[in-house]
Each structure stands twice: as structure tokens, then as C-alpha cells.
Amino acid sequence: MGVGKTTVCQRLKSKLNNSVFLDGDWCWDAHPFRVTEETKQMVMQNICFLLDQFIHCSAYENIIFCWVMHEQAIIDNIIKNIDSEKCEIIPVSLMCSQKTLRIRLERDIANGLRTGDVLERSIKRLPLYIELNTQKLNTDDMSIDEIADMIIEIGTVADKDERSNNDV
């Protein structure tokens with residue numbers, strides 16, 4: 001929370017051809033927000049359903065998905081429950097320093113975009129991202145365009161590696 005996922009993904013959507021963007025938060029936008037076993041199961045089913053719809057739609061070549069995924073089990077569960085056989089999945093974690101995160105979140109809180117409890121929860125989760133099986137991008141002192149371009153480059157390199165492996 002606060003690292004720039006949604007903003008970066010919106011920029012990626014405009015930079016990549018034939019792209020669609022899903023923010024996992026849209027699948028669980030409720031008031032009051034309740035975290036129960038039932039609601040956690042529901043949001044996972046919602047996310048996987050929508051991702052599968054995008055995967056099977058010939059109009060899209062690039063599916064951009066973001067959500068707070070601070071545990072490898074969350075990523076693995078989503079991948080396991082979508083039809084990823086003909087997809088290349090490139091997991092990326094956007095990261096920043098505690099100082100940068102604090103500045104960003106305090107600004108959002110002051111502007112009424114987030115509630116105060118988000119700060120400590122987000123800071124507490126920072127070390128968890130290091131353990132994930134993802135490409136890590138530090139967003140400190142980077143513009144949205146720079147971050148989006150780095151993600152596109154990661155995808156391009158992965159594409160080249162995949163073609164090379166298929167030629168062997």
C-alpha cells in the first residue's frame with residue numbers, strides 16, 4: 001500500500017498495446033470492509049474469474065494485475081487458479097524504503113485518500129516482500145514512467161529468454 005502499484009499499472013496500460021488492467025482492490029471494494037474466510041475466498045474467486053476472462057479474450061495481449069500480495073501463497077494461489085498455460089506471467093514487486101513509504105502514505109492520509117491505520121500496516125509488511133519469488137523494483141526517486149518502462153523491459157527480456165529457450 002502506497003508504493004504506487006495502481007498508478008504504475010495505469011501507465012503500463014497506456015504504454016502497452018492491447019492491454020487491460022485489473023486492480024485486485026476492485027474485486028473487494030466494500031463498506032464496511034470485512035476480512036473473513038468467506039470474503040477472502042470470494043475475492044480470490046473474483047480475481048481469478050476476471051483474469052481468466054481477460055486471458056481468453058483475443059482482444060488483449062497484455063494483462064496487467066496488481067494487488068497487495070505480501071505472501072508467496074497469495075501469488076501461487078492466483079497462478080494455480082487461472083488458465084496460465086498459454087500465458088507468460090511476470091511477477092514484479094514494487095518496493096520502496098520505509099522513509100519513502102511513510103512520506104507517500106502521510107501525504108495520502110493528509111489528503112483524505114487513506115485512513116491513518118494504513119501507515120503501520122504497510123511499514124510492517126515491507127520486509128515480507130523481500131522473500132517473494134518476484135522481480136523487485138525499488139521505486140524510490142523514480143518517476144511513474146521510469147518504473148513502467150523498467151517493467152516493460154523486464155517483460156521484453158523475459159520474452160527474449162523464452163524465445164531462446166524454445167529454440168534449444
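Atoms considered below: every heavy atom in the structure, side chains included; atoms not considered: hydrogens, waters and symmetry mates.
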Notebook entry, point to check: What's the spacing between Ser97 OG and Asn138 CG if we round to 0.5 Å?
Noted result: 7.0 Å
Checklist line | Taking every non-hydrogen atom, the tightest pair across Met69 and Leu132 | finding: O-CD1, 3.2 Å
Check: Charged N to carboxylate O below 4.0 Å: is that the case for Asp140 and Lys99?
Finding: no
Notebook entry, point to check: Ignoring hydrogens and geometry, is there a side-chain-to-backbone donor-acceptor pair from Thr100 to Cys96 under 3.5 Å?
Noted result: no
Check: What residues, two or more places apart in sequence or in another chain, satisfy salt bridge (charged side-chain N to carboxylate O under 4.0 Å, His left out) together with Arg104?
Finding: none
Notebook entry, point to check: Tyr129, Ile90: one ILVMFWY side-chain cluster at the under-4.5 Å cut-off?
Noted result: yes
Note to self: When you group the ILVMFWY residues by side-chain heavy-atom contacts below 4.5 Å and let the links chain together, are Leu128 and Ile75 in the same group?
What the structure shows: no
Checklist line | Side chains of Glu153 and Asp149 in contact at under 4.5 Å (non-hydrogen atoms) | finding: no
Next item on the list: Using modelled atom types only, decide if a donor and an acceptor are shared between the side chain of Ser143 and the backbone of Glu146 within a distance under 3.5 Å.
Entry: yes
Next item on the list: Using modelled atom types only, decide if a donor and an acceptor are shared between the side chain of Thr134 and the backbone of Val92 within a distance under 3.5 Å.
Entry: no
Checklist line | Side chain to side chain, Asn133 and Pro91, heavy atoms closer than 4.5 Å | finding: no
Notebook entry, point to check: Closest heavy-atom contact between Ile47 and Leu22?
Noted result: O-CD2, 4.1 Å
Margin query: Quick check: closest heavy atoms across Met1 and Leu101, and the distance to 0.1 Å?
Written below: O-CD1, 3.1 Å
Check: To the nearest 0.5 Å, how far apart are CD1 in Ile74 and CD in Gln72?
Finding: 9.5 Å
Check: Closest approach of Ile151 and Val8, non-hydrogen atoms and distance?
Finding: CD1-CG1, 3.7 Å
Margin query: Testing Ile144, Thr7, Ile64 one by one against Leu12 for a side-chain contact (heavy atoms from CB on, under 4.5 Å), which residue passes?
Written below: Ile64
Note to self: Has Thr39 got a side-chain atom pairing as donor or acceptor with Arg34's backbone, closer than 3.5 angstrom?
What the structure shows: yes
Check: Is there any side chain to side chain donor-acceptor pair (under 3.5 Å) pair reaching into residues 111-120, and which pairs are they, with sequence neighbours excluded?
Finding: Asp108-Arg114, Thr115-Asp117, Asp117-Arg121
Check: Stepwise, does the side chain to side chain contact (heavy atoms under 4.5 Å, CB included) test hold for Phe65 with Cys9?
Finding: CA-CA 7 Å; Phe65 170 66; Cys9 288; over 6 Å; no
Next item on the list: Rounded to the nearest 0.5 Å, what's the gap from CD1 on Ile123 to CZ on Arg102? Could you check?
Entry: 3.5 Å
Notebook entry, point to check: At their closest point, which heavy atom of Ile109 faces which heavy atom of Gly116, and how far apart are they?
Noted result: CD1-CA, 3.8 Å
Next item on the list: Taking atom CE of Met142 as the centre, report whether more than 12 heavy atoms of other residues, nucleotides or ligands fall under 6.0 Å from it.
Entry: yes
Notebook entry, point to check: How many angstroms lie between CG in Asn77 and SG in Cys48, if you round to the nearest 0.5 Å?
Noted result: 6.5 Å
Check: Do Trp67 and Trp26 have side chains that get closer than 4.5 Å, going by heavy atoms?
Finding: no
Check: Can you say whether the rings of Tyr60 and Phe54 are parallel (under 30°), tilted (30 to 60°) or perpendicular (over 60°)?
Finding: perpendicular
Notebook entry, point to check: Going hydrophobic residue to hydrophobic residue with side-chain gaps under 4.5 angstrom, can you get from Ile103 over to Val118?
Noted result: no
Checklist line | Electrostatic pair Asp23-Lys5, nearest N-O below 4.0 angstrom | finding: no
Check: Taking all non-hydrogen atoms of both residues, which atom of Ile79 and which atom of Ser84 are closest, and how far apart?
Finding: O-OG, 3.9 Å
Next item on the list: Assess whether side chain to side chain contact (heavy atoms under 4.5 Å, CB included) is satisfied between Ser93 and Leu137, documenting all intermediate values.
Entry: CA-CA 6 Å; Ser93 294; Leu137 289 182; over 6 Å; no
Checklist line | Heavy-atom side-chain proximity of Lys40 to Val35 below 4.5 angstrom | finding: yes
Check: Under 3.5 Å, side chain of Asn46 to main-chain N/O of Cys27, donor-acceptor pair present?
Finding: yes
Notebook entry, point to check: Same hydrophobic cluster for Leu105 and Phe33, using side-chain heavy-atom links shorter than 4.5 Å among ILVMFWY?
Noted result: yes
Next item on the list: Supply the atom-to-atom distance Asn17 CG to Lys15 NZ, rounded to the nearest 0.5 angstrom.
Entry: 12.0 Å
Check: Measuring from His70:NE2 to Arg125:CZ, what's the distance to the nearest 0.5 Å?
Finding: 4.0 Å
Check: Do side-chain atoms of Ser14 reach the backbone of Arg11 as a donor and acceptor pair under 3.5 angstrom?
Finding: yes
Checklist line | Exam field: side chain Ser19 to backbone Asn62, donor-acceptor pair closer than 3.5 Å | finding: no
Item checked: Within one Ile-Leu-Val-Met-Phe-Trp-Tyr cluster: Leu113 and Leu94, side-chain cutoff 4.5 Å -> no
